Amino acid sequence: MSKPFDVIVIGSGFGGAVTACRLAEKGAKVLILERGRRWETKDYPRDLNDAWIYDPNEPHKRNGWLDFRFFDDMAVAMGAGVGGGSLIYANVSIEAKPWLFKKGWPQEITYEELAPYYDRVGKTLNVQTVPDNQLTRRFQLMKEGAESLGYGGRFYKLPLAVTFDKDWSPDREDPFNDKHSKPVENAQGQKQGTCVHCGNCPIGCKVNAKNTLDLNYIPWAEKHGAEVRPLSVVRYIQSEKSGPEPGGYRVYFDRIVDGKLIPGSESARRVIVAAGSLGSTELLLRCRDQYKSLPNLSRFLGRNWSSNGDFLTPATYNNRQISPTQGVTISCAIDFLNEDENAPQFFIEDGGAPNALRNYLESKEPGVPPIPLARATVKALAELMGPADPFGNVMPWFAQGVDAADGHLYLGRPWYAFWRKKRLQMDWEIERSKPVITAIINMHKLLSAATGGRPQVPLFWTAFKSLVTPHPLGGCNMGVDATTGVVNHRGEVFGYPNLFVADGSIIPEAIGLNPSRTIAALAERIAALITV
Ligand SMILES: Cc1cc2nc3c(=O)[nH]c(=O)nc-3n(C[C@H](O)[C@H](O)[C@H](O)COP(=O)(O)OP(=O)(O)OC[C@H]3O[C@@H](n4cnc5c(N)ncnc54)[C@H](O)[C@@H]3O)c2cc1C
Ligand code: SF4
């Protein structure tokens with residue numbers, strides 16, 4: 001048996017990185033167990049054969065960048081790796097609306113209560129907006145759409161966790177080339193570069209201009225003695241009645257070593273579950289229903305899950321260049337979150353996408369034999385196949401909204417695989433969330449029409465009423481007691497002292513806009529209230 005830690009943190013996304021950092025700062029001996037890799041910029045996936053997919057059922061075989069889960073009427077995208085969703089996210093770091101906390105949240109959590117923690121997150125993530133000389137065509141299109149519909153007052157730039165260089169200009173020769181990135185050192189002493197607007201934010205920033213958690217909170221935690229163990233998949237947690245940490249918890253995990261799973265365990269007086277909305281909910285469901293190691297977990301576990309009302313409508317333009325592969329993935333919003341209980345609440349954003357072809361060709365080139373003919377052939381192919389601006393006339397209109405937050409997660413088997421081990425399942429009924437999704441689509445249509453575009457509402461909605469979300473929320477919701485939630489306002493699990501959940505799974509209602517700043521602020525508060 002190894003020496004116990006003061007705190008074990010499971011997961012290293014917004015909840016995990018923040019709590020680990022602040023508790024290590026307070027002097028606790030912290031261990032972070034993360035199921036994914038510790039990525040280096042040179043290893044970010046670019047080629048078709050690269051490690052894109054994380055398979056939660058066989059993580060020893062596939063432990064790549066993105067965990068994409070398919071349920072009956074919902075698909076969920078999540079990051080996997082040290083830094084969690086920050087590696088893959090679009091950098092938007094925005095506070096929730098003050099009125100949002102009036103309904104469905106424990107009374108202790110108000111905007112005023114969270115305000116200092118929001119500030120702290122904003123400072124640590126060095127949040128800023130895109131400089132005026134670097135605005136994209138997407139930004140201009142959004143602004144024009146908002147103004148022509150009379151919503152100019154609702155349009156604004158979004159706060160982003162990106163390091164910009166005010167001297168960068170799109171008029172430079174080959175402007176998106178990494179060579180234009182300037183080296184900088186951040187407040188945590190980490191080397192970063194400035195943004196060259198290459199559009200690759202969701203597949204990893206090669207110049208480290210994204211202020212991801214592995215460049216701030218996590219190294220700061222390590223500076224204060226925290227240990228990070230990547231490729232460590234936590235399976236279950238057990239209360240320690242005896243052993244080195246009576247009254248604490250033992251965490252059982254599998255380490256991924258050379259394609260194999262090697263079991264291990266560690267114990268600590270306190271455990272913080274921060275494996276994300278789906279990850280934490282599944283882990284606690286397994287503790288309650290499969291291993292029966294935490295049998296008294298609330299019956300509310302898995303209830304009131306939200307997709308945060310995400311929707312994407314691409315629109316095509318005949319005579320207009322939009323260039324969605326250029327610039328940071330998201331930069332601005334038209335805000336319809338206005339506390340009117342009778343109106344659907346939503347938030348429109350511009351959307352970008354990486355230039356997959358350019359990335360693919362660039363990543364292949366180093367592998368081409370150093371023979372002039374081979375190099376010339378690849379170059380010619382790149383010029384033929386790789387237009388600088390693919391999908392140049394498409395505008396991806398994004399949005400999020402306040403949905404009904406009435407999804408249900410549980411362990412089970414689909415009827416067509418009754419022999420299989422139980423997996424995470426989701427019941428999702430669209431009925432109560434339909435008004436907000438319909439309102440979003442209508443606004444996307446109006447904005448497209450106002451700017452001369454033709455909206456293409458995706459078939460998965462028109463035919464199947466299915467949704468895709470990168471913003472899963474809830475599952476281990478905050479509540480007043482075990483009949484209304486799984487954790488209290490401090491993130492502590494009802495019935496299990498010193499066991500905490502700190503991530504998107506504790507958020508009890510849809511936020512209607514990008515949630516990572518709120519998750520991080522709640523994690524800052526949870527860590528502040530723990531005495532080590
Ligand atoms: C493409 C994309 C773009 C996005 N853009 C934005 C944006 O611009 N702004 C925004 O606010 N949000 C954005 N999001 C959402 C954001 O990433 C999430 O809301 C956020 O990361 C959730 O934080 P979290 O702490 O709850 O979980 P996560 O950040 O997901 O962290 C959970 C961590 O736990 C690990 N884990 C899971 N299970 C286990 C286990 N059993 N053992 C050990 N480790 C485990 C995971 O690998 C992960 O690292 C985006 C998401 C995606 C997919
Ligand atoms: S646009 Fe490119 S350089 Fe800028 S933050 Fe995104 S990935 Fe990094």
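Numbering of ligands and ligand atoms starts at 1, following listing order. Keep in mind that this is a model prediction, so the values were computed, not measured.
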Asn514 backbone acceptor or donor facing Gln400 side chain under 3.5 Å: yes
Atoms in ligand 2 flagged as close to Gly199, the criterion being non-hydrogen separation under 4.0 Å: 1 (S), 2 (Fe)
Heavy-atom side-chain proximity of Glu509 to Trp105 below 4.5 angstrom: yes
Between Tyr118 and Thr518: side-chain donor-acceptor atoms closer than 3.5 Å: yes
Asn477 vs Arg303 side-chain heavy atoms within contact, under 4.5 Å: no
Which residues share a side-chain hydrogen bond (donor to acceptor under 3.5 Å, both in side chains) with Tyr291, sequence neighbours left out: none
Centroid-centroid under 6.0 Å between Phe155 and Phe139 rings: yes
Sub-4.5 Å side-chain heavy-atom contact between Leu411 and Arg423: no
Atom 8 (Fe) of ligand 2 neighbourhood, protein N/O/S only, threshold under 2.8 Å: Cys205 SG
All side-chain contact (heavy atoms from CB on, under 4.5 Å) counterparts of Asp73, not counting sequence neighbours: Trp428, Ser466
Sub-4.0 Å heavy-atom environment of ligand 1, residues by chain: Ile10, Gly11, Ser12, Gly13, Phe14, Gly15, Leu33, Glu34, Arg35, Ala77, Gly79, Ala80, Gly81, Gly84, Gly85, Ile88, Tyr89, Ala90, Asn91, Val92, Ser232, Val233, Val234, Ala274, Ala275, Gly276, Pro470, His471, Asp503, Gly504, Asn514, Pro515, Ser516, Ile519
No-hydrogen, no-angle side-chain donor-acceptor test under 3.5 Å, Ser86 and Asp214: no
Over-ring placement of Arg490 relative to Phe500, 6.0 Å and 45° cut-offs: no
